[in-house]
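First the structure, in the form of structure tokens, and then the observations on it.
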Amino acid sequence: MRTQLIFLLISFLVLKSESLNCYENNPRGHPSDLRVFHISSPCSPFKKPNTVSWESTLLQDKARLQYLSSLAVKSSVPIASGRAIVQSPTYIVRANIGTPAQPMLVALDTSNDAAWVPCSGCVGCASSVLFDPSKSNSSRTLQCEAPQCKQAPNPTCTVGKSCGFNMTYGGSAITASLTQDTLTLANDVIPNYTFGCINQATGTSLPAQGLMGLGRGPLSLISQTQNLYMSTFSYCLPNSKSSNFSGSLRLGPKFQPLRIKTTPLLKNPRRSSLYYVNLVGIRVGNKIVDIPTSALAFDPATGAGTIFDSGTVFTRLVEPAYLAVRDEFRRRVKNANATSLGGFDTCYSGSVVFPPVTFMFAGMNVTLPPDNLLIHSSSGNTSCLAMAAAPNNVNSVLNVIASMQQQNHRVLIDVPNSRLGISRETCT
Ligand SMILES: *[C@@H]1O[C@H](CO)[C@@H](O)[C@H](O)[C@H]1NC(C)=O
Ligand SMILES: *[C@@H]1O[C@H](CO)[C@@H](O)[C@H](O)[C@H]1NC(C)=O
Ligand SMILES: *[C@@H]1O[C@H](CO)[C@@H](O)[C@H](O)[C@H]1NC(C)=O
Ligand SMILES: *[C@@H]1O[C@H](CO)[C@@H](O)[C@H](O)[C@H]1NC(C)=O
Ligand SMILES: *[C@@H]1O[C@H](CO)[C@@H](O)[C@H](O)[C@H]1NC(C)=O
Ligand SMILES: *[C@@H]1O[C@H](CO)[C@@H](O)[C@H](O)[C@H]1NC(C)=O
Ligand SMILES: *[C@@H]1O[C@H](CO)[C@@H](O)[C@H](O)[C@H]1NC(C)=O
């Protein structure tokens, strides 16, 4: 009897501490901080038993890049034809939707405006966790006349009916109805938040419990909460290898770092959801690499330029820029020849000394620590330069500073002051 009690007590404590680690928001007591988990964190229910090797992550990134490119052309054509391409999200946060709150673990996407969750009755949704609007007394379906309906992607609307829309994401497609409900993030209550309630889904690229778009377009969280968060947020993405760590998403101007290097934040009408910056050069060691100006130029007419993205894993540079960086990197690694591994073409085994790489943004130089520059194979001693050339297809005139290069940094997006800031921080 007593041992049973003690056992119960211990299991209660264990469960309690696990739930604290995984589910409690407000790290460091900041009221508008959400914990950010890597998809392979013990706190993530989305861990796949046979996790894909990092070498094959580049293939997923390719799908992501096609997606980002497709934003320049207003098109609803699915970008993956035939075999489904996987574009699984990398980071998740806890969001509570409805009254009483229904907790969902949604994927973060800094390059997307839309928010959507799988809803009860959904045909083709993979998740067992579904949002049930009928169990929320604050839920309502928006009608076609609602102004938000015009902002939804591909609205399918007949006057007097509810507002439906459909969109593609990676190799998947969804049909959803535009819904409003209370969204609770950490301690903040956001009434009448507009999002898609997915009724039908095809493909395998959708984040299981939904998506929270942090892009800058009209339907995004940032635009819908201007009075509360003033289009200001920052995030710290934890390293994928330290799976027990979480990062944070800090919403609003309060508690943001005061001393932080910044560069102007740019807006490109061709891809209006994305956060652009002006990358002016790249330094390898102490040498500024010779890159044709056109490879880095910001161009509002074509959508070309450099963005920060949370959904791409490895930084992509347009080919002439990547080749110049790679060649200089190889030149500086003494007494070793580069080999290829998966999609990476600059890998070395054994102990070699790597040169530092610095991204030179307008007014801000960011030198990457080795953990942001190299990826190490789990078997053997191989380390690869964790970057690649952007796919050489149409519309893909985009340099993407990806999550691997952002890990353990705080990235501040400050739209009112048109600036993007970066400072090193160990995400905890
Ligand atoms: C909605 O539900 C909450 C809690 O479940 C309750 O406190 C509230 O009074 C309800 N509101 C309405 C309008 O029924
Ligand atoms: C998606 O939208 C297009 C264009 O409005 C429409 O033709 C199509 O039927 C819609 N698909 C679904 C599944 O609703
Ligand atoms: C939310 O929408 C309902 C229904 O339109 C409205 O009555 C209410 O005032 C809105 N609440 C806020 C805080 O905007
Ligand atoms: C994470 O924590 C668990 C339990 O405390 C531990 O067994 C595991 O080794 C840790 N993993 C890492 C990568 O630190
Ligand atoms: C690198 O390759 C060149 C040409 O094949 C060869 O001569 C050289 O010995 C190689 N260096 C090392 C360190 O393996
Ligand atoms: C960045 O580095 C370059 C080259 O080393 C230097 O000329 C420039 O002044 C630096 N910019 C800033 C903002 O520190
Ligand atoms: C890693 O490199 C060290 C020294 O270069 C060597 O002793 C060891 O056998 C290597 N391990 C593997 C798995 O290749």
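In listed order, ligands and their atoms are each counted from 1.
Taking every non-hydrogen atom of R283 and a distance limit under 4.0 Å, the qualifying atoms of ligand 6 come out as 2 (O), 3 (C), 4 (C), 5 (O). Each of the atoms 13 (C) of ligand 5 lies under 4.0 Å from some heavy atom of N335. Shown in contact with M360 at under 4.0 Å from a heavy atom are these atoms of ligand 6, numbered in order with element: 3 (C), 4 (C). Atom numbering of ligand 6 starts at 1 in the shown order; those under 4.0 Å from a heavy atom of N365 are 1 (C), 2 (O), 3 (C), 8 (C), 10 (C), 11 (N), 12 (C), 14 (O).
Salt bridge status for R140 with D181: absent, with no side-chain N to carboxylate O gap under 4.0 Å.
Within the structure, every pair that satisfies the disulfide (SG to SG under 2.5 Å) test and touches residues 193-226, not counting sequence neighbours, is listed here: C119-C197.
Partners of Y229 by ring pair (Phe, Tyr, Trp, His ring centres under 6.0 Å), not counting sequence neighbours: none found. In this structure, the ring pair (Phe, Tyr, Trp, His ring centres under 6.0 Å) partners of Y276, at least two apart in sequence or on a different chain, are F298.
Protein residues with a heavy atom under 4.0 Å from ligand 3 are R140, P191, N192.
Taking all atoms of both residues into account, the shortest heavy-atom contact from A201 to C122 is N-SG, 4.3 Å.
A donor-acceptor pair shorter than 3.5 Å cannot be found between the side chains of Y91 and D109. A donor atom on one side chain and an acceptor atom on the other are found under 3.5 Å apart for S246 and R35.
Between F344 and F314, the angle of the ring planes goes over 60°, which puts this pair in the perpendicular group of the 30/60° scheme.
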